[in-house]
J.: 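Dropping a structure here in structure tokens format, bear with me for questions.
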Amino acid sequence: MLKVKLPDGSEKSFENSVKVLDVATDIGPGLAKAALAGEVDGTVVGLDYNLADNQEVNLKILTKKDADALGVLRHSCAHVMARAIMRLFDGVQLAFGPTIEGGFYYDFDLEHSLTDEDFPAIEAEMQKIISQDEPFERIERSREEALQVVRDLGQDFKVEHIEEGLAEHPTVSFYQQGEFVDLCRGPHVPSPKAIGAFKLLSVAGAYWKGDSNRKQLQRVYGTAFFDKQSLEEHLARIEEAKRRDHRVLGKQLDLFTINPLVGSGLVMWLPKGAMVRTLLENFVRDELSKRGYQAVYTPNVGRVELYETSGHYPYYSDSMFTPIVMEEDEKYILKPMNCPHHIMIYKSRPRSYRELPLRLAEFGTVYRYEKSGELSGMTRVRGFTQDDAHIFCTNEQVADEFRGCIEMTQFVLKSLGLDHYRVRLGFRDPNSDKYVGGEDVWQQAQDALVEVCESLGIEATPEPGEAAFYGPKADFVINDCIGREWQLGTVQLDYNLPSEKRFGLEYIGADNQTHRPVMIHRAPLGSMERFIGVLIEHFAGAFPLWLAPEQVRVLTVSEKSEQYGRAVLQQLREAGFRAEGDFRAEKLGAKIRDGQLELIPYMLIVGPRDAEQGTVSVRDRIDGDLGAMPIADAIAKFAEEVRERRVRQTYSGSAGLGERGAANEY
RNA sequence: GCUAGCGUAGCUCAAUUGGCAGAGCAGCUGAUUUGUAAUCAGCAGGUUGUGGGUUCAAGUCCCUCCGCUAGCUCCA
């Protein structure tokens, strides 16, 4: 007797083992037709999955309404793509073709270099395969038989994978569709007709089994949906991300520039970008001093010996700039991190337990020689400034300090409208002995991390084995307004640098004995470069009033009102606003257009009428014309918005700069 | 670093597939004096990323280097 529990709580019994599809049929012909896959006790399976007799299982029939079914569909689409590519090109070796967030990919090795010019032909062939509607059939074979199958097919990667990756599996499965047979765990949708819409997106290199020492393959990315509309929405989101690209907006809005003559990955902040950064830094500085941090400054270089003591050199020399050699025994490196310098401040005199926790903060600029292919705009660079601080404390103080760090990060993120994030907790791998510091101390710290996140209502996922060798960590992963994830802030415990082997840090305890402090590295924003890069994309360049490089612009209706306009501008500046004036002999419409495209939060339009009555006509970047009001009222309105650090909008269309005939989106 | 693609005026892009480097915007000059998303006219702007090669002729074809983009790998 087989008992099947359905999601609505009802139960069905079967005399013998049945397939998932049989259960669906038993429930109703409509469901059987709509069924794409099943979920048995939480595992997604195909409709042909056999539910064995003499057990009780939870079963959910998946249709296109279920998110999990989409993954199954996309994997099937990856097979269709592989089949199409094998039809069109000779000597195609198949590697892996999994589903990923937003779509799928398949890795191939073939003579021909695929480009996106090949996509139309491949897509046409895929469409043909889908129209033919041949079913995906699962075939199970013993390892020996399977090896023979893939050898006969001449699929060398699959042979290797069965021999090595699947060495533990007594049987393996294949899926066959027409002439196409592929080693595959499955499941698949019953037939390709469920693939309502698909598109190939890009092609790029990828290493076999992710190993840069192994062969490089060609990876084709694509996506698929049940219907055309979902595909179009997805493609629109991709376009949306492109429009928000901080590299494009950074250029259009004069925020930063990167020049090969200065060097790749080295950012120059233009006045407007520098203003945003200064505002953000000042905001963080205020917060740091409220939270008991002390500001310090340290140099940009340090002797190689400092980093030998810290253990960074030569271990990480690959990602450091080459040392500056003055004399044989006098070498300096551009600092790749601030902690050794901060440690020397700690060590500048004996420390008492009464001083702890000692919190040393610095916007410290560091240099890391990232490989050329890693560089990207402001988000991956070779020189960057961390909003860094190092906390020296006792083991007992760790939990409170963690809490403080996480609360501060929460506060900062909230002030910027970054409301969606999670915390990744990097914990020790219980089976490894690479870690510094006692197991009990680690356990205590890890427990504290979990507890702090829970009590603050933060979604935190422990990831064993993801800790650095020197201590557990908490990384903030921010979700921006279009759902992309960015790793920004971090809090990391360090048992290594204070240790005897490294800097041998000490403090005198209440017991008059020497003790060893714990160190916490923390940076709520991470780096100014990356954080502001992400902010640019998050706001699509339209910064909230408190962060906008130019907050208000005074526009004169004609040159006749210039004198009044300049007086208004003067008042705004005296009230502390970053204001400019547009007194050109252009028509008002042209000035407004320029202001909108430059994403200026407020424009104050002044003409003869205003000059007469002492008013300004306020134009809001988002809501448009707000009508005339006394200057003092406008100033009070802006001041309140700044004081509250109000985030009114994270996105409202493209900046549109440089695009002729672009639709008006504000 | 690897694979692939790309590099033309400050920006966005043309240039008959090897045959006189061009347009819009931005800039400058002048006219216009305007009330909520582009006033008109003129001017100027280039060693086509770099260095070499093939050719009567190279933006276009070949090679070198530099840079950018996508992805892979990496990220103390």
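Residue numbers begin at 1 in each chain, while the letters A, B, ... track the order of the sequences.
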J.: Measuring to OP1 and OP2 of G35(B), would you say a side-chain N or O of Ser558(A) lies under 4.0 angstrom away?
T.: no
J.: Side chain to side chain contact (heavy atoms under 4.5 Å, CB included) between Arg382(A) and Phe321(A): does it pass, once the steps are laid out?
T.: CA-CA 9 Å; Arg382(A) 285 182 174 159; Phe321(A) 279 82; 4.2 Å; yes
J.: First locate atom CG of Asn338(A), then atom CG of Asn300(A), and finally report the distance between them rounded to the nearest 0.5 Å.
T.: 9.0 Å
J.: Closer than 4.0 Å, any side-chain N/O of Arg247(A) to the OP1 or OP2 of U69(B)?
T.: yes
J.: What is the distance, rounded to the nearest whole Å, between atom CZ of Arg584(A) and atom C1' of C40(B)?
T.: 15 Å
J.: Side chain of Arg380(A), heavy atoms from C-beta onward: which of C72(B), C74(B), A70(B) has the nearest atom to it?
T.: C74(B)
J.: Which value, in whole Å, describes the distance between the C1' atoms of nucleotides C63(B) and C20(B)?
T.: 28 Å
J.: For G45(B) and U60(B), measure between their C1' atoms and round to the nearest Å.
T.: 24 Å
J.: Do Trp208(A) and Glu160(A) meet the criterion of a side-chain donor-acceptor pair at a distance under 3.5 Å?
T.: yes
J.: Would you call Arg553(A) and Glu598(A) a salt bridge, using N to O less than 4.0 angstrom?
T.: yes
J.: Using a 4.0 Å heavy-atom cut-off across all strands, classify Asp211(A) as base, sugar-phosphate, or nothing.
T.: nothing
J.: Find the distance Glu559(A):CD to A31(B):C1' and express it as a whole number of Å.
T.: 12 Å
J.: Tell me: CD of Gln563(A) to C1' of U33(B), nearest whole Å?
T.: 16 Å
J.: Atom CG of Asp254(A) to atom P of C11(B): distance rounded to whole Å?
T.: 11 Å
J.: Does U36(B) have its OP1 or OP2 closer than 4.0 Å to a side-chain nitrogen or oxygen of Lys591(A)?
T.: no
J.: Does a side chain donor of either Asp494(A) or His390(A) reach within less than 3.5 Å of an acceptor in the other side chain?
T.: no
J.: For a quick check of understanding: with a heavy-atom distance under 4.0 Å over all strands, which category does Tyr221(A) fall into, base, sugar-phosphate or nothing?
T.: sugar-phosphate
J.: Ignoring hydrogens and geometry beyond distance, is a side-chain donor-acceptor pair present between Lys473(A) and His521(A) at under 3.5 Å?
T.: no
J.: In dot-bracket form, 5' to 3', how is RNA chain B paired? Count Watson-Crick and G-U wobble pairs only if both distances fall under 3.5 Å, and write | where the partner sits on another strand.
T.: (((((((..((((.....[..)))).(((((.......))))).....(.(((..]....))).))))))))....
J.: Take the protein atom CD1 of Ile258(A) and the nucleotide atom C1' of C66(B), then report the distance between them rounded to whole Å.
T.: 16 Å
J.: State the CG-OG1 distance between Leu235(A) and Thr223(A), to the nearest 0.5 angstrom.
T.: 7.5 Å
J.: Does Ser372(A) make a side-chain N or O approach to OP1 or OP2 of G1(B) shorter than 4.0 Å?
T.: yes
J.: Base, sugar-phosphate, or nothing: which does Glu586(A) touch, judged by heavy atoms less than 4.0 Å apart?
T.: base
J.: Taking only the side-chain heavy atoms of Ala585(A) (C-beta and beyond), determine which of C75(B), A38(B), U34(B) contains the nearest atom.
T.: U34(B)
J.: Expressed in whole Å, how much space separates the P atoms belonging to G35(B) and G71(B)?
T.: 49 Å
J.: Less than 4.0 angstrom between a side-chain N/O of Ser319(A) and OP1 or OP2 of C75(B), yes or no?
T.: no
J.: If I take atom CG in residue Asp582(A) and atom P in nucleotide G35(B), what distance separates them, rounded to the nearest angstrom?
T.: 15 Å
J.: Expressed in whole Å, how much space separates the C1' atoms belonging to A57(B) and C61(B)?
T.: 13 Å
J.: In whole angstrom, give me the gap between the P atoms of C72(B) and A14(B).
T.: 28 Å
J.: If you apply the rule side chain to side chain donor-acceptor pair (under 3.5 Å), what do you find for Asp388(A) with His342(A), and how did you get there?
T.: CA-CA 10 Å; Asp388(A) 208 0; His342(A) 289 181; 5.2 Å; no
J.: G46(B) and A23(B): how far apart are their C1' atoms, nearest whole angstrom?
T.: 14 Å
J.: Determine the interatomic distance between P on G53(B) and the same-named atom on A44(B); round to the nearest Å.
T.: 35 Å
J.: Given the C1' atoms of C13(B) and A21(B), what is the spacing between them in whole Å?
T.: 14 Å
J.: Considering only G71(B), A37(B), G1(B), which nucleotide approaches the side chain of Ile592(A) most closely?
T.: A37(B)
